[in-house]
Amino acid sequence: MIKSDRQDTITIYEATQRSGGLTSSLRQAYFDLSNSRHVITRLFWRDFIAQFRQKILGYFWALLNPILGIISFLFLYSIGVLKPGQGEIPYPLYVLVGTTIWACLPGAMGAVSSGLQSQADLILRTKIPKLALAMSSLAGVFYSIAISMITMMAVFLIMGRWPSLWILAYPLLVLPMVLLGTAIGLMLAVLGTIARDLTPLATQGLSLLMYLTPAVYLHSSIESPTIQFLIKCNPLTYLIDVPRALICLDQANDIPVFLLVIVATMILVVVGLKIFYLLEDLVAERL
């Protein structure tokens, strides 16, 4: 008789893993991300190199993208079609900083929401935490923030102006936008596998919401009292206006509201984590 020394691995799932409160989701997220940090780093470099491979301009696209994003607005402004109003900040700088901050929101949302589907093979073949796979694409967003910071400083110098020292804190100033996009992306990452049209709807919704956010215009230039009221009630207004004013003018109004929106964003992140952990097991069934 031949005896086998093989021992099967038994995975035990505890009932309390997802039944806890919001704080338990935070603890689980910290555990998953800290244990998977090396995997996240490798996935980031793989995706970063792949996005510039077989392109004529190569890595120069990383610096060029923020400039290309504002050319259409500058053209409309130069021919008089776009009338954003007059302010203390030159319009090229105003629209560059505003659109760069805004881009953090759809960028983070898109990266996290599509993270699971783009890593479907790893979900089916490995035991890497799904949160780590969803968040791995977010590293590219932080890289884009660093590149945008360099681009903004170059444009400031070209226009003969100096940004305030707040430019050094730019990653922290836009972090609330990234967290908001992450919170929405976490919910879409699991809900989007159930209803696949949710992510496109959310993307289109953000495109429409941009028109109610003063990223490319001064809200004081809006004549309609109703639209002015909607802009003032829009929390994204403060997530763009306050960092832009600090960077360009070294001072800003509505800082208390800005801090209040940050608190609300943190709460939304925790809620997004909870929804993600409650529904993550449904993802593999629908990939």
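Looking at L186 and L131, their side chains come closer than 4.5 Å, going by heavy atoms from C-beta outward. Looking at F142 and V178, their side chains come closer than 4.5 Å, going by heavy atoms from C-beta outward. Between P129 and F31, every side-chain heavy-atom pair lies at or beyond the 4.5 Å cut-off. Contact of the P214 side chain with the Y94 side chain is registered, since non-hydrogen atoms from C-beta on lie closer than 4.5 Å. Residues D241 and F258 are not in side-chain contact: their nearest non-hydrogen atoms beyond the backbone lie 4.5 Å or more apart. Using a 4.5 Å heavy-atom cutoff, the side chains of Q251 and L246 are not in contact. The shortest side-chain heavy-atom distance between P163 and M152 does not fall under the 4.5 Å cut-off. With contacts defined as side-chain heavy-atom distances shorter than 4.5 Å, the pair N234/L209 qualifies.
Annotation for L105 and M177: closest pair CB-SD, 3.8 Å, computed over non-hydrogen atoms. A pairwise comparison of heavy atoms in R244 and I101 identifies N-CD1, 4.1 Å as the closest pair.
Remark: the backbone N or O of V216 is paired with a side-chain donor or acceptor of Y91 at under 3.5 angstrom. Distance alone, capped at 3.5 Å, places no donor-acceptor pair between the T213 side chain and the A215 backbone. In this structure a side-chain-to-backbone donor-acceptor pair under 3.5 Å is present from Y277 to A29. Put simply, the side chain of Y217 gets close to the backbone of Y211: a donor and an acceptor are under 3.5 Å apart. In terms of modelled atom types and a separation under 3.5 Å, the side chain of S148 and the main chain of T100 share no donor-acceptor contact.
The number of heavy-atom neighbours closer than 6.0 Å to CG of L208, taken from other residues, nucleotides and ligands shown, is above 12.
Distance check, rounded to the nearest 0.5 Å: OG of S164 to CZ of F156 gives 7.5 Å. Note: F276 CZ to T182 OG1 = 12.0 Å, rounded to the nearest 0.5 Å. In this structure, CG on L175 lies 11.0 Å from CG on L180, to the nearest 0.5 angstrom.
Shown are I89, L165, V242, L173; of these, the side-chain contact (heavy atoms from CB on, under 4.5 Å) with I247 is made only by L173.
Between the side chains of Y238 and N253, no donor N or O sits under 3.5 Å from an acceptor N or O.
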If you look only at distance, which donor and acceptor atoms sit under 3.5 Å apart when one is on a side chain in residues 262-269 and the other is two or more places apart or in another chain?
from: T265; atom 1: OG1; to: V261; atom 2: O; distance (Å): 2.8

